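Chain identifiers are assigned alphabetically (A, B, ...) following the order of the sequence lines, protein sequences preceding nucleic acid strands; residue numbering begins at 1 within each chain. Everything numeric in this text was worked out from a predicted model, so none of it was measured.
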Number of protein chains: 2
Amino acid sequence: MRAEALSGRTLGELALALGVRLPEEPRRAKGIPGQLLERALGADGGSRPEPDFGALGIELKTVPIGPEGRPRESTYVCKVASLEIAHEEWPSSRVRRKLAHVLWVPVAAVGALAERRIGAARLWQPSSEEEGDLRADWEELAGLLGSGAVEEITAHRGRFLQIRPKAADGDERGVMPGPDGTTVATVPRGFYLRSSFTERILGS
Amino acid sequence: MRAEALSGRTLGELALALGVRLPEEPRRAKGIPGQLLERALGADGGSRPEPDFGALGIELKTVPIGPEGRPRESTYVCKVASLEIAHEEWPSSRVRRKLAHVLWVPVAAVGALAERRIGAARLWQPSSEEEGDLRADWEELAGLLGSGAVEEITAHRGRFLQIRPKAADGDERGVMPGPDGTTVATVPRGFYLRSSFTERILGS
DNA sequence: ACGGATCCATCATTGGATCCAG
DNA sequence: CTGGATCCAATGATGGATCCGT
């Protein structure tokens, strides 16, 4: 209900109501729309690993929508956890837990930040087909990670779920399992949903 | 040499030279003298676990000196590391490493913060006797910690080295080994040198 | 007097994502 | 187009210690 009430409002209106200054340059505003919506909807906030609406177990995701009506960007899901990934199974995986129940809020990614309008939110849980698609990609990727092939993984892999860097820059380093039980220092990575997947959700 | 050059200067002079505003209330300035000296001496700074002067392996400690010429406070050494303490031995312990080579800088703890004067620095390494004293206390305390008796330890223990809380407040919690291989959540603690010990160093 | 409680600055980490060169 | 690179806010952890009631 709170999300529906925000439909049609601009980010500038939200920022004003919350007393937040919007950055001038777009590239300095990467996470801002998501944080405005967290606050406007009374999400628990902060950097804790719990869902945004902890008591409800619901995750909030904002999606930038281009002029054609389709998502302009992929959606970050969670980190690739180096130590856990080898022993993780899909049912208890971080990816599955994170995507178990999501409130998707589209935001028009057109024009100045302050003029961008919030669209109709959609509360979603994966259908059997959607979960099957995610699981297939996840199992392929987790298998590679578990065998120490992290350096072989590019963002090309996965039909709907992919792995890409998640770091302040390309020089950052984290430990990941390497070949034959060794470890390698490489750029930290995260799971992302391709925009083809979010398009399917938001379009249906 | 840089430390000697600072002898006789006030903290106000240092703050001015470094462009730092000193807090009005003393209780809001707890770590400030130490941080001013780090900067003035070109210490590596920050919160890394390395020595202040990394290349030299030297730790910087400021000591507040009362009107009678003796240290007014104990000196914090390092955290009590819950997981390591059970397997640690004195020669490789964090306490010993931290105190292996210290530059002690006395600061008169009299009057307003800005008027307090820096004294004559002393570059120190523990003598055999001093190390023996520290080791005896450390082994007693480490033994208690290893046996899970953390809750039994008060600051009364140890002639020269003691264990006290090290936290933002008394509600903070960290894990420590408890009795019989269990763990307990208790306030995080640190090792401190009693002022009787630093008095011995600075007086000699 | 001093043991337990507390305070600040800075860096590291996490969660929010979008940018942009080829 | 899009894979790899990057940017911000807010917490959490670490290192600097001193405060202050009993």
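- Rounding to whole angstrom units, CZ of residue B:R94 and C1' of D:dG15 are separated by 11 Å.
- Close to D:dC8, at under 4.0 Å from its OP1 or OP2, lies a side-chain N or O of A:R28.
- As judged by a 4.0 angstrom heavy-atom cut-off over every strand, A:R157 is placed among residues making no nucleic acid contact.
- More than 12 heavy atoms of other residues, nucleotides or ligands lie within 6.0 Å of CD in A:E25, so this atom counts as buried by the packing criterion.
- For B:R173, the CZ atom counts as densely surrounded, since its 6.0 Å shell holds more than 12 non-hydrogen atoms of other residues, nucleotides or ligands.
- The residue A:G31 sits close to a base: some heavy atom pair falls under 4.0 Å.
- Listed nucleotides: C:dC7, D:dT6, D:dG3. Nearest to the side chain of B:K30: C:dC7.
- A:S74 comes within 4.0 angstrom of a base, heavy atoms only.
- Ionic pairing of A:R194 and A:E199 is not present here: no N-O contact between side-chain nitrogen and carboxylate oxygen is shorter than 4.0 angstrom.
- In this entry the distance linking OH of A:Y76 with C1' of D:dA5 reads 15 Å, nearest Å.
- Atom CG of A:L36 and atom C1' of C:dT18 are 15 Å apart (whole Å).
- Taking atom CG of B:D169 as the reference point, atom P of D:dG21 lies 16 Å away to the nearest angstrom.
- With values rounded to the nearest 0.5 angstrom, A:I153 atom CD1 is found 4.0 Å from A:L145 atom CG.
- Residue A:A168 is the one, among A:A168 and B:L60, whose nearest nucleotide of DNA chain D lies closer to the 5' end (criterion: closest heavy atom).
- Side chain of B:D52 to main chain of B:A43: no donor-acceptor pair is present (N/O by atom type, distance under 3.5 Å, no hydrogens or angles).
- Within the nucleic acid shown, B:T75 has no heavy atom closer than 4.0 Å to any nucleic acid atom.
- Side-chain atoms of A:K98 do not come within 3.5 Å of backbone N or O of A:S93 as any donor-acceptor pair.
- For the pair B:P165 and B:E172, both in contact range of DNA chain D, the more 5′-proximal nearest nucleotide belongs to B:E172.
- For A:R164 against C:dT18, a side-chain-to-base donor-acceptor contact under 3.5 Å is present.
- Here B:T62 reaches the OP1 or OP2 of D:dA17: one of its side-chain N or O atoms lies under 4.0 Å away.
- If you check every strand for non-hydrogen atoms under 4.0 Å, B:E59 touches sugar and phosphate atoms only.
- When the P atom of C:dA17 is taken as reference, atom CD of A:Q162 falls 16 Å away, rounded to whole Å.
- Taking the side chain of B:A167 as heavy atoms from C-beta on, and the options C:dA17, D:dC19, C:dT6, the nearest nucleotide is C:dT6.
- Summarising the geometry, the separation between CG on B:D44 and C1' on C:dC11 is reported as 14 Å, rounded to the nearest angstrom.
- Here A:R72 does not reach the OP1 or OP2 of C:dA17: none of its side-chain N or O atoms lies under 4.0 Å away.
- At the heavy-atom level, B:A29 lies nowhere under 4.0 Å from the strands shown.
- For the pair B:L113 CG and D:dC19 C1', the computed distance is 14 Å after rounding to whole Å.
- Which of D:dG16, C:dA5, C:dG16 sits closest to the side chain of B:Y192 comes down to C:dA5.
- Within 3.5 Å, a donor on the side chain of B:K166 pairs with an acceptor on the base of D:dG16, or the reverse.
- Between the base of C:dT14 and the side chain of A:K79 there is no donor-acceptor pair shorter than 3.5 Å.
- Contact annotation: A:K61 side-chain N/O to C:dA17 OP1/OP2 distance is under 4.0 Å.
- Across all strands shown, A:P26 has heavy atoms under 4.0 Å from sugar-phosphate atoms exclusively, and none from any base.
- In this structure, B:R194 reaches the C:dG3 phosphate: one of its side-chain N or O atoms is under 4.0 Å from OP1 or OP2.
- Distances shown here put a side-chain N or O of A:R27 below 4.0 Å from the OP1 or OP2 atom of D:dC7.
- Among the heavy atoms of the strands lying under 4.0 Å from A:P64 are primed sugar atoms or P, OP1, OP2 only; no base atom is included.
- When the P atom of C:dA5 is taken as reference, atom CD1 of B:I163 falls 15 Å away, rounded to whole Å.
- Side-chain atoms of B:H101 and B:L123, non-hydrogen and from C-beta on, do get closer than 4.5 Å to each other.
- Contact annotation: B:Q35 does not reach the phosphate of C:dT10 (side-chain N/O to OP1 or OP2, under 4.0 Å).
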